[in-house]
Amino acid sequence: MAETMILGTVIEKCVDFVFRHTYQELQYFWKFKSNIESVSTSMTRLETTLEQINSRINAAEDNLEEIKSEVTRWVDDVLAMKDIVDKIKEDKGRATHMGCFYNFKCPNLNVRYSLSKKAAAKTIEIADLQVKGEFPLVGYPAPIEQRPFTSPLEVIGFRSRLQVEERVMKALLDDEIPVLAVCGMGGVGKTTMVKKIADQIKKGNHFDEVVMAVVSKNYDPIHVQQQLAEKLRMEFKETTLDARADRLHKKFIDDKKRILLIMDDLWEEMDLGTIGIPSEVDNKGIKLLLTSRSREVCSLMKVQEIIEVGVLIDDEAWDLFMKHANISDDFDVLEGYPKKVALKCQGLPLAIEVIGKTLKDRKELSEWRDALQQLESGQGSHTSKDKYAKVYSSLEWSVNYLESPCRSLLLVCSLFPAACEIQIEDLVRYSKGLQLFTDIEKMAQFRDRVETFCNELKECYLLIACDNHCVKLHDVVRDTCLRIVSKGDNVYMVSHSGLREWPHRDTYESYTAISLTFDDLDEFPSGVMCSSLQLLRLSSHGSKSMKITTSFLQAMEKVRVLNINGCGVQLPLRSLQSSISLRTLNLHNCELVGDLSELLEGLVKLEVLSFFKSTYHGNWPKEIAELTNLKSLDLRFYYGPGNSFPTGILIHLEKLEELYMGFYSDMQLPESYGIIKETGSLSNLNTIEILSCNSDFLAVLVENLDVERLLRFYISPSHEECSPYHFSRTVIVHETKMDKLLEPKMNVLLNKVDDLLNLSGVTGEIKYFCNNTSSCIRAGVFVYLKRLSISGAKYLEELCHGNIPPGSFVRLEQVTLYDVPLLSCLWGPIKPPCLGNLTTLVISGGEMLRSLFLRSSVKCFARLRLIEISSCPKLEALVSCEGQIVEDIVEDKVEFPELEVVDLKDVYSFKTFSSEPDAHMVSLCSTNSNISIFPKLRFLKISGSRHLHVVDVIKNGQNLSSLDISECFSLEECFDFDCWPKEITGGEAAENVFHNLDSLTLFWLPSLRHLWRKLPEGAVAFRNLTSLTISRCESLKQLLTQSMAKMLANLKRLHIKECRELEAIVGLDEASPLGKASASTGEMIFERLEDLELSYLPQLTNFRRMFPEGTVSLQKLSTLKIVGCFGFRYLFTSHMVKTLTSLKSLEIYSCDKMESIIGSEEVDEDATNEVVDGKEEILLPELFQLTLMFLPKFRMLCFQSVDLALPKWDNIFIKHCPKLRRFCAGHLIAPELKRINFTRYKALDMETTRKCLKDCELGIRCISCAIYLPDWTCDHLSEGSSTNMNNEDDTDSS
């Protein structure tokens, strides 16, 4: 009975288990639909999270951050999951029905079961991915690569210069010379030379950092500290000089880097400790390079070696002069006068450049004779004691050659400090006050004239163009100007360095202009008599406690221009009340104490009055109304008067042309609106700048101002966007309701904007920026607009809707759109000249955008140079054929003749540049003709496209210099030559395929299998490629074939990283016999390769197997870096290593099987490395640096019993190489080897190492270094080597 019960229980449980299991499995049949819907819904939520993460990734990348690896892995997992879910949904139809008896349809139970079960499992995995996607941060700050110091145009190689450069380079690489200087006169080319050398140093990796700071004549230690901090990627929180110096000092000491510090343009001795630069004793890793005009200054700086830069020799000077004057040696018609003029330049590069440009293209003999006569007569203008008189006379002649007003303007520029960026508006106001141009009166006309003369002076290289509408004088030109105004009737007093008292002179009667900058001054003198003075310019270095009192300015009846900057001013300045000539009064950055009313009394001729960034706590002076000749009024106080600007003042200023106001909060109050209402009565007003205005203020301004009369205006609600002087017609609108922009007068204002229209955060459901079908913002406008920027327009669907009338946007040069999620189209049908001047198009965050241009409108964009698109996930093509008739498509020519840069980032749906039937291919050429779409394309970058299989650039590659493709996961082949037209790959054109391509970068292309294949017979490509970088191409097994590699004759840099299936860098051609290199004429590959890096390539075994035997030549290779190549047991055979005659640096990291650098000729992967006897010598003549890290099996450099000669080897770094006992089996000849670095923090010189280890047994472990030390007591070094060891004591080591 009991047995029956037990049996029954067992049967019951078995039945229950079978039933429950069967029931669970059967559920997959009837829950098929819900499981499919569940996985689809979960995937949709996960895709939303993915979009959010991608947005954060884009923001991080825009901020130059590196993306965390776990984030990229998560994105990859999500994309892989999406593919699986898409496959499930795609297979859903197969589960619905299948053919049965008599054509009945019934469910496919097998497919239904498997899909339902798979969907249920993936739903759980998706939920796990959803949880893992909660990242607090997606990136981290990445280091920014420093730009080159020089541009190609600055580098001119002369024999005399090259000799000096070699001396400087040799001194920089000499550890016994911590400080050196390049010394020479101004304008001789010191700065240009050290910049060129700095670039060479960076390329050679001799220093970890190269940092340059300009000291200049007006030495400011705070400014120098700031320059150093920016170059070292530091940010100061401290404000005092000493605290910043401590931070910099700690940075230099703690970094343990070799740093080259270039301090340019020293005029006096400088205390390096004040800046924070460690002394030689504190840090031997810092090398200091100075430039100065004074040898005495260099000596005071305790420079170990001073290298002088002289002027050019005659032949070099003549070559340079011919270049600038645009003449040739065939100048018989000029009877040799050009060469005589060139000789008068005394070999000074700046003088040669200036005078050559002045006489450029002159063909008349009389002009050259006159030039020579003036240069020769100028020699006697200075004393014989002035050693540079002849040189300065050359530049002086160029200055005197100018027309009188232009010359006067240049001399005015010399009033400013050296290296100062001079606002052109300052020159306008000074020129107006001095009445340099007597034939014009209007401020706008003065501004045009000044800008014209500035352009002429820049063309003569007497002025240097700067950003922000500024100019600058070269130091030597400025010195020349000061020499000119130091004599004669027009004498200037100019000093801007170290003044702490008023300059003493016997008399001041002869001075017509005084420009002084004080470090500090307790008290200005009283009763200074300057009866001839016309311009007075006084500044301080930020000390407003320096007071200008009422008794200072006396007997200055002729003063026309008074400019005071950064001082305290005690009002009134009574002497000005009697001034009958003052026309320009600028009180900038001043603290005004007293009553402005008394200052302004009697200034009846005043035309320019400016209080820019000054502070005044009194009331607005009503006396402004009495300045009836006033033409320019600048009321932009930093902290203004306590009362609101009174009404009834501006209405009296009938001649007022320019009004600048804003900068303080009272201007936003409704009480201040009255002054704007008065502007409507000013018939001459043509310039206005309003800052700190809200939308209501803007409405009042537009309502009362005659907008049509304005020549210039700058309207912005933000102080940060203020342009002090230079502006054209700009409107910046933040957070303004759209209905205010639709008002008729506002339309008139916006239509006159010619520089920048910036609409940010405009509220209201605006769908179209310009609509020709309604009255939104009327079509046919924006005739003058140059720059348009729109951001945060959440409802914007189209920039221009409907047919745009001709003439609209004809001057538009730049369009920038950010965060426009509903934007689906830019322009409707347009015709030239509309948008004919557009050069730049930048779009980010256009989530609905599918294309940029209609094919019928492409001809309007003939001047487009840059396209930059990011975060537009639905963008499929740049040019769309949508809505066009097929016949029209055939006839339309797609061409962007000036386009140079195309940068596409995170365009997941991107398929083609011009939509064609073959949409899987990126085609840069119309399939209906051989006309190139982008004939001038230089830079192409594509990132994040999921639909590319091939990038075909056809004829557009002829001017392409840089190609960067990344994160295109479907890309299988970069270049498809099968579709090339025959005329491109045959005849003469075959020599020019991609002939300008300089850099090719391929990153994270997991499906890439070939760079290119099937290049037509006779075609040659990539002849000038110098840099090739391949990373994370995990399907790539062979980088190049032998014939492909031979084409890369100029390749200098090759970096291959994380290509885990790569078996060979260069393989055999497809038609070659197995195991044999193709027949050749002796031409070798990689003959110019200088830099090679191989990282994490586990399938590679050694150099012998990376290239076909006997084909590779690495004679130019100077830098070799091997990281994580786990299959390597050795690098080279003894035969191959002999070709490395230029190798300077060798670094090997984390190669688990690496036993030696040089193996035997017979060694292979299955053999054991043993010492091989030999009698020959292996020589690496240039190798000076060797790094070996994390090589657990590394035993020695060379297993062959030969002499290993390394004559320049002076630095070795060893870490975690526990089996290293000997450097080589034979003798090591290394006479320069002085130090062995065992860890990052420990350095032992050879003598100390010998002393420490002389009583130790082989293999003893060094506790402080945590590695095994070689047995230095054995005879591994030749006697010649040991006698050249460093014998100095090393206190750290001992």
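Using a cutoff of 4.0 Å between basic side-chain nitrogens and carboxylate oxygens, D86 and K82 are scored as salt-bridged. Between D83 and K87 no salt bridge is recorded (no basic side-chain N to carboxylate O distance below 4.0 Å). The pair E209-R233 counts as a salt bridge, with a side-chain nitrogen and a carboxylate oxygen less than 4.0 angstrom apart. Residues R850 and E876 are paired through a salt bridge, judged by an N-O separation under 4.0 Å between the basic side chain and the carboxylate.
The shortest side-chain heavy-atom distance between V902 and F939 does not fall under the 4.5 Å cut-off. The shortest distance between side-chain heavy atoms of L841 and F853 falls below 4.5 Å. Taking the side chain as every heavy atom from C-beta outward, D76 and W1004 approach each other to under 4.5 Å. Under the 4.5 Å side-chain criterion, counting only non-hydrogen atoms from C-beta, L79 is in contact with L50. In this structure the side chain of F135 reaches within 4.5 angstrom of the side chain of I53, judged on heavy atoms. Looking at heavy atoms from C-beta onward, L1040 lies in side-chain contact with L1011 at the 4.5 angstrom threshold. Considering only heavy atoms from C-beta on, K122 comes within 4.5 Å of I84 through its side chain. In this structure the side chain of V78 never reaches within 4.5 angstrom of the side chain of I126, judged on heavy atoms.
The backbone N or O of P136 lies less than 3.5 Å from a partner atom in the side chain of R56, making a donor-acceptor pair. Between the side chain of W74 and the main chain of L129, a donor-acceptor pair closer than 3.5 Å is present. Between the side chain of T840 and the backbone N or O of L866, no donor-acceptor pair lies under 3.5 Å. Here the side chain of S945 pairs a donor or acceptor atom with the backbone of F910 at under 3.5 angstrom. Side-chain atoms of S909 come within 3.5 Å of backbone N or O of P873 as a donor-acceptor pair.
Between L1131 and M1154, the shortest heavy-atom contact is CD2-CE, 3.9 Å. The minimum heavy-atom distance linking T72 with I67 is given by the pair CG2-CG2, 3.7 Å. Pairing each heavy atom of C1151 with each of P1192, the nearest pair is O-CD, 4.3 Å. The nearest pair of heavy atoms linking S999 to L1025 is N-CD1, 3.8 Å. The minimum heavy-atom distance linking G944 with C968 is given by the pair N-SG, 4.3 Å. Pairing each heavy atom of M1189 with each of F1213, the nearest pair is SD-CE2, 3.7 Å.
A donor and an acceptor atom, one from each side chain of S970 and S1007, are nowhere located under 3.5 Å apart. Using a 3.5 Å distance cut-off with no hydrogens or angles, the side chains of D906 and S870 do not pair a donor with an acceptor.
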side-chain contact (heavy atoms from CB on, under 4.5 Å) between T123 and T41: does it pass, once the steps are laid out? CA-CA 9 Å; T123 301; T41 302; over 6 Å; no
I'd like to know whether K132 forms a salt bridge (Lys or Arg N to Asp or Glu O under 4.0 Å) with D128, so could you lay out the CA-CA distance, the side-chain angles of the two residues, the decisive distance to 0.1 Å, and finally the verdict. CA-CA 6 Å; K132 290 181 179 179; D128 183 57; 3.2 Å; yes
Is there a side-chain hydrogen bond (donor to acceptor under 3.5 Å, both in side chains) between Y1149 and E1147? Walk through the geometry before answering. CA-CA 7 Å; Y1149 304 86; E1147 301 177 46; 2.5 Å; yes
If you apply the rule salt bridge (Lys or Arg N to Asp or Glu O under 4.0 Å), what do you find for R1009 with E972, and how did you get there? CA-CA 5 Å; R1009 298 182 181 276; E972 298 178 356; 5.8 Å; no
Let me see the working for F1003 and L1005 under side-chain contact (heavy atoms from CB on, under 4.5 Å), right down to the final yes or no. CA-CA 6 Å; F1003 173 72; L1005 308 175; over 6 Å; no
Test side-chain contact (heavy atoms from CB on, under 4.5 Å) on L852 and V879 and set out the steps. CA-CA 6 Å; L852 302 183; V879 181; over 6 Å; no
Could you go through C1033 and L1008, starting from their C-alpha distance and side-chain angles, then the distance that decides it, and tell me whether this counts as side-chain contact (heavy atoms from CB on, under 4.5 Å)? CA-CA 6 Å; C1033 298; L1008 184 70; 3.9 Å; yes
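Rounding to the nearest 0.5 Å places CG of L849 at 12.0 Å from OG of S871. The distance from atom CG of D819 to atom CG of L823, rounded to the nearest 0.5 Å, is 11.0 Å. Atoms OG and CD1, on S55 and I57 in that order, are 9.0 Å from each other to the nearest 0.5 Å. Put simply, CD on E47 and OG on S42 are 11.0 Å apart, with the number rounded to the nearest 0.5 Å. Taken to the nearest 0.5 Å, the CG atom of D903 stands 10.0 Å off from the CD1 atom of I942. Note that the CD1 atom of I1030 and the CG atom of L1039 stand 5.5 Å from one another [nearest 0.5 Å].
Applying the 6.0 Å contact sphere to CE of M848 captures no more than 12 heavy atoms from other residues, nucleotides or ligands. Enclosure of atom NZ in K68 by more than 12 non-hydrogen atoms of other residues, nucleotides or ligands within 6.0 angstrom is indicated. More than 12 heavy atoms of other residues, nucleotides or ligands lie within 6.0 Å of CZ in F969, so this atom counts as buried by the packing criterion.
With L817 as the partner, the side chain to side chain contact (heavy atoms under 4.5 Å, CB included) test is satisfied by one option alone out of V842, I869, L799: L799. With L1002 as reference, C974 is the one residue of S1031, C974, S966 to meet the side chain to side chain contact (heavy atoms under 4.5 Å, CB included) rule.
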Check residues 1053-1065 and write down every donor-acceptor pair under 3.5 Å in which the side-chain atom is one partner and the other belongs to a residue at least two apart or another chain.
{"from": "R1053", "atom 1": "NH1", "to": "S1027", "atom 2": "OG", "distance (Å)": "3.2"}
{"from": "R1053", "atom 1": "NH1", "to": "T1029", "atom 2": "OG1", "distance (Å)": "2.8"}
{"from": "R1053", "atom 1": "NH2", "to": "H1055", "atom 2": "ND1", "distance (Å)": "3.1"}
{"from": "H1055", "atom 1": "ND1", "to": "E1093", "atom 2": "OE1", "distance (Å)": "3.4"}
{"from": "H1055", "atom 1": "NE2", "to": "D1091", "atom 2": "OD1", "distance (Å)": "3.4"}
{"from": "H1055", "atom 1": "NE2", "to": "D1091", "atom 2": "OD2", "distance (Å)": "3.2"}

